[in-house]
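Accompanying notes for the structure given below.
Quick note: numbers below take in every heavy atom, side chains included, and nothing from hydrogens, waters or symmetry partners. Each chain gets a letter, A, B and so on, in the order its sequence line appears, and its residues count up from 1.
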Amino acid sequence: MNNEITTAELIAGTVKKRRAREKRLKLYGIAAVVAGVILVVILMASIVSLGYKAFWQSFIALDINFDPEVIAPGGIRDPDTLRQADYGLLVKRALKELFPDIRNRRQKRALYRLVSVGAPDVLRKMVMKDPDLIGTVKTVWLPAHSDVDMFMKGYINPDEPESQRRLKDFQLAWIQRLIHENRLEKRFNSLFFLSGDSREPELAGILGALMGSIYTIIITLLLSFPLAVAAAIYLEEFAPKKNFWVDLIEVNINNLAAIPSIVFGLLGLAVFLGFFGLPRSTPLVGGLVLALRTMPIIIIASRSALKAVPPWIRQAALGIGASKMQMITDHVLPLALPGMLTGTIIGLAQALGETAPLLMIGMVAFVVDIPKSFLDPATVLPVQIYLWADSAERGFVEKSAAAIIVLLLFMLIMNALAIVLRKRFERRW
Amino acid sequence: MQNIMKAENFPTKPASPGVQIKERRAADTTKIFEKEASRHTVGDFTVPDPRLTTRHVNVFYGDKQAIFDVNLDIAKTEVIALIGPSGCGKSTYLRCLNRMNDTIEICRVEGEIKLDEVDIYHDDIDPVVLRARVGMVFQKPNPFPKSIFDNVAYGPRIHGLTSSKSELEEIVEKALKRAGLWNEVKDRLDQPGTGLSGGQQQRLCIARAIAVNPEVLLMDEPCSALDPIATATIEQLIDELSRRYSIVIVTHSMQQAARVSHRTAYFHLGKLIEVGKTSQIFTNPRHPLTEDYITGRFG
């Protein structure tokens, strides 16, 4: 009798301790989650607060006189003439018209520098697209120089001594006048989404890198997904168990998934560029390298997805006389596909964010043109971010933040797509 | 041979209290007959005009032998129940009959198993074809995560039994009717088979198996996951199906074996101890191990 009471009391004594331990563990967990969330919020806030400004940029409205004498002397309007015309002159004339009292050559040069060096290109494109503009006068919003943009965004402090500013007092006066005349304002920066890289921050766009990333990821997906799924199916369903070679392959696949990615870049450099002589800096080679990087991840995920298919599904299929292949394609694969897709997306997201291996195969090059095929020189989003973050100009800081936003959005879209696909294939059993 | 098996040859002490006798007898007979039974099965294991004949079947899992020299015939329209304690090899034996053991890498089958006079372990025999002729129903209802229609239609589809959709629909309807499920599901054939109740799922699995018109139906404890009402429905179904097919049923329930089967085979530690008419096995078992098992002394 006495003993029983002591037992109950003993248990009661430990319960308090156990409860306390449980509570403590729960608190640790909550603290960890909260810390994680706070860090993510800080990260996102700092990127977005910096990056969103790049989506708006300063433009200057100029009354451009599309003088036929400058653009198409003698009335010849063939594309070559139109392309080679001196559009810079049109910009200069329009600026001179706005500020007619500037005679000083040094000041004149400063005046022209209010507008981006890419402004003539904007005009050229307009005329090439619509030659009827020739002979008319039109107000055109042209990108302002990065320095003007930086001032508009508050990065240049007018209270600092003039010698320490990139914009002098007289330039600031012009800017004030332009603002006053509603000729200088921040507008949505469509250039950022429509152009490739540039040395001038105000002209640099993300489209080149975005297209490069898309082309690269397509190659990666097309190569790694089928190969990895086939490998996983073979290893899981057909390969003999407890075989030395199978074990060796398995160990190697697991190791490959853990190898630093730059090693894959070296391999790409040696094999794809060196041995096969494929064109460097292209999405094709980038995709090949990233496919190698991604494959082990997809193989591992696919194998565990196959393992998770309950054995009685296989038995049911075999029991009715399905061949092994029919069992796999009709029953096992549909059930394993959601898991395989999850692994693929994780792998692709990693590939999308990969920089190091691409540096090795020359995708770090300065590429102005937007790649139009798998064989055009290209760069990818993370490398573009790296390049911009490395640039000296102040204007590139917000560009890199904006590029990060684009990269994250790209990943978000990819993940959403994967979730939609997975939901479609997911079945209860 | 036969006279050794007779009860008078076993040492009993009439004077001792009943319980003691039973305990002693169980222990003694186990010792004596473990060796003896490896060579001889009590009762006549042959039938006239058999569907399946199995001779000297030995099954090994790696180095471990699971089935010892089993000889058994299965008639063309009958229900034969395989009973015995857990791990006695009755499921393993069952899985030899449609070569499901092939899927287990370490499993090796020796001996001769003939379906309609043809050795099913011959190199020319494709297990895919064999399994269409020898259908199987598993312990746990295992419908595919597809619609009821697709579950039943899967077999006919992969074996190319039909050429048109209407023909396929006919087959599905017939199979579901034979499985006694048609009235319950005819309005929702497009719904997932996994949404049915346990008993319905098992009948769906039976419909799936008989949709390819097999000659033999193997059932591995088909009712062990079902409630008594669903069990009764399945048992009635087995009774009806036995007019068409040979049915081999593994069961842990001796009442079930007594209810549904025409013949019963008792397995013990991988050996076929006794086989005979169900009525004889349950009322007058000849081998003491069988008697001990059916009277509930062990198992």
Side-chain angles (χ1 to χ4, degrees), chain A residues 232-250 302-342 420-429, chain B residues 62 94-95 97-106 126-147 150-161 175 192-195 201-202 204-214 217-220 225:
Chain A
I233 288 174
Y234 176 76
L235 287 173
E236 206 51 54
E237 306 283 342
F238 291 101
K241 305 271 178 289
K242 287 183 183 164
N243 175 302
F244 171 75
W245 295 108
V246 175
D247 286 349
L248 191 73
I249 290 171
E250 212 176 311
S302 299
R303 288 190 67 180
S304 57
L306 285 169
K307 269 199 195 108
V309 174
W312 48 261
I313 293 271
R314 295 160 203 270
Q315 292 201 339
L318 290 177
I320 197 126
S323 66
K324 199 158 191 180
M325 206 60 229
Q326 283 169 328
M327 171 192 93
I328 291 167
T329 51
D330 294 349
H331 301 286
V332 176
L333 264 192
L335 291 176
L337 208 54
M340 290 176 167
L341 284 176
T342 309
V420 170
L421 275 175
R422 207 168 57 200
K423 277 273 173 296
R424 273 192 62 182
F425 288 118
E426 215 153 49
R427 284 214 188 91
R428 231 159 31 89
W429 63 69
Chain B
L94 189 77
R95 290 163 61 92
L97 301 180
N98 68 345
R99 290 183 62 174
M100 276 301 271
N101 282 334
D102 288 15
T103 57
I104 302 164
E105 221 165 279
I106 56 164
D126 189 342
V128 166
V129 180
L130 174 72
R131 287 178 198 141
R133 294 175 64 194
V134 183
M136 188 158 190
V137 176
F138 295 85
Q139 180 172 3
K140 199 181 151 218
N142 56 358
F144 299 128
K146 296 175 188 277
S147 74
D150 285 340
N151 260 285
V152 183
Y154 184 67
R157 260 187 201 141
I158 56 169
H159 294 303
L161 299 186
T194 43
Q201 285 189 18
Q202 195 60 298
L204 178 64
C205 293
I206 294 175
R208 182 177 66 190
I210 60 181
V212 293
N213 216 6
L217 207 50
L218 309 177
M219 296 183 151
D220 192 356

Does a salt bridge link R95(B) with D220(B), judged by any charged N lying under 4.0 Å from a carboxylate O? no
Side chains of I313(A) and P145(B), heavy atoms from C-beta outward: is any pair under 4.5 Å? yes
Answer with side chain, backbone, both or neither: which region of P127(B) has an atom nearer than 4.5 Å to a non-hydrogen atom of chain A? neither
Return yes if some donor-acceptor pair links the side-chain N/O of N151(B) with the main-chain N/O of F144(B) below 3.5 Å, else return no. yes
Which bit of R133(B) is near chain A, if near means a heavy-atom gap under 4.5 Å: side chain, backbone, both or neither? neither
Between chain B and each of A316(A), A317(A), G319(A), count heavy-atom pairs under 4.5 Å; write down the option with the most. A316(A)
If only atom types and distance count, is the side chain of E237(A) paired as donor or acceptor with the main-chain N or O of I328(A) below 3.5 Å? no
